[in-house]
Asker: 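Here's a structure for you.
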Amino acid sequence: MTDQRLRQIADLLTLKADGLYGLSDITQRQHALQSAWLAERLDCPDSLIAASLLHDIGHLVHDLGANPAEAGVDDLHEERGYEFLAVWFGPEVTEPVRLHVAAKRYLCATEADYFGKLSKDSVRSLSLQGGPMSAAEVAAFDALPQSSAAVQLRRFDEQAKVKHLETPPVAHFLPYVARCLRPAPDTDPAI
Ligand code: FE
C-alpha cells in the first residue's frame, strides 16, 4: 500500500505545482524536479535529494497567490515548508529546507560573486528576507548541524531554473522521499 504521506506529496507536486516559479519561465514542479535531479546526479544522500525536491513545498501550501514577493510580501515559505514536512521527516530533510533562504543570505555574505548568480526574483526576495548576513549571523549559521547541506541545496536552487530542460518525472524521485519518511504513525517502531 502506498504511504498516504507519499501520496499527499506526490499530489502536491503533480497537481498543485503548475504555477510559475517566481518570475521565471518554469513551473514550481520543473524547479523542484531540476533541483532534485542536480542532487541525484551529484550522488547526494537520499535526504538531500528529497530536501531538494521538497524545498519549495511551502509555496504550495498557502493561499497568498503565485508570487507574493512581487507585492512585497515574504510568504516565509521556508518556515511553512519546514512545518509541513517536520511531522513526517527528520532534520536531515527538514533543516536544509528551513535554512535554504538563510543559505542565500549566507552565500551573498561569504562569496563575492554569489549575488550576481541570483535570478531577478531572488534579488527581490533577498531584501524582504533581510539582505546578506552579518558576520555574527554567518558564524551562527556555520555552527548549525545542517548548514553545509543547506548551502548545497541553495546552489541547486539557483541552478534549477532552466527553461525547457527535460528531467525525470515526480515518480522517479519518490523512492528517495519514501526512504526518508519516519516510520508510519500506525507502526510500532519497537516491533
Ligand atoms: Fe527554490
Side-chain angles (χ1 to χ4, degrees), residues 9-10 12-14 16-42 44 47-62 64-71 73-86 89 92-108 111 114-133 141 146-165 167-170 172-173 176-177 180:
I9 285 169
L12 278 173
L13 289 172
T14 49
K16 292 216 164 171
D18 286 314
L20 288 183
Y21 176 74
L23 303 178
S24 70
D25 292 323
I26 64 166
T27 65
Q28 290 282 350
R29 177 170 48 257
Q30 288 169 320
H31 177 63
L33 292 172
Q34 289 184 23
S35 300
W37 202 31
L38 285 160
E40 184 187 53
R41 281 179 294 167
L42 276 186
C44 291
S47 55
L48 189 49
I49 298 172
S52 299
L53 183 74
L54 304 173
H55 76 276
D56 277 340
I57 208 150
H59 284 310
L60 307 180
V61 294
H62 67 60
L64 299 172
N67 194 11
E70 209 169 18
V73 175
D74 182 355
D75 68 1
L76 300 174
H77 72 284
E78 69 280 20
E79 292 293 340
R80 291 176 197 272
Y82 168 79
E83 279 165 27
F84 179 82
L85 297 169
F89 300 95
E92 65 287 355
V93 173
T94 59
E95 282 299 282
V97 172
R98 186 176 73 84
L99 296 172
H100 81 277
V101 169
K104 174 173 69 171
R105 299 183 54 229
Y106 173 89
L107 283 162
C108 285
E111 292 186 8
Y114 200 82
F115 183 81
K117 295 177 187 170
L118 297 180
S119 61
K120 228 180 352 170
D121 47 322
S122 277
V123 170
R124 187 183 308 214
S125 56
L126 177 67
S127 60
L128 288 174
Q129 291 155 347
M133 283 184 173
F141 186 84
Q146 300 289 340
S147 60
S148 53
V151 165
Q152 185 66 73
L153 168 49
R154 187 69 220 185
R155 294 189 197 280
F156 299 148
D157 191 0
E158 242 65 76
Q159 293 169 55
K161 300 175 183 181
V162 182
K163 205 175 168 182
H164 302 314
L165 179 67
T167 66
V170 170
H172 172 82
F173 295 104
Y176 296 109
V177 177
C180 297

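One-based numbering, in listed order, for ligands and for the atoms of each. Only this structure's heavy atoms are used, side chains among them; waters, hydrogens and symmetry mates stay out.
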Asker: Taking the N/O/S atoms of Asp56 one by one, which is nearest to the Fe ion (ligand 1)?
Answerer: OD2
Asker: Please assess Ser122 against Lys117 for the test side chain to side chain donor-acceptor pair (under 3.5 Å), listing each intermediate value before the final yes or no.
Answerer: CA-CA 9 Å; Ser122 277; Lys117 295 177 187 170; over 6 Å; no
Asker: To the nearest 10°, how many degrees is the angle His31 NE2 to the Fe ion (ligand 1) to Tyr21 OH?
Answerer: 80°
Asker: Are His59 and His31 close enough that their ring centres sit under 6.0 Å apart?
Answerer: no
Asker: Run the numbers on Lys104 and Glu78 for salt bridge (charged side-chain N to carboxylate O under 4.0 Å, His left out), then give the verdict.
Answerer: CA-CA 12 Å; Lys104 174 173 69 171; Glu78 69 280 20; over 6 Å; no
Asker: I'd like to know if the Fe ion (ligand 1) has an N/O/S atom from Ser35 within less than 2.8 Å of it, counting both backbone and side-chain atoms.
Answerer: no
Asker: I want to check something: taking the side chain as every heavy atom from C-beta on, are Leu165 and Leu33 in contact at a cut-off of under 4.5 Å?
Answerer: no
Asker: Could you tell me which N, O or S atom of Asp157 is nearest to the Fe ion (ligand 1)?
Answerer: OD1
Asker: Is there an N/O/S atom in His55 at a distance below 2.8 Å from the Fe ion (ligand 1)?
Answerer: yes
Asker: Does the pair Glu95/Arg98 count as a salt bridge with the N-to-O cut at 4.0 Å?
Answerer: yes
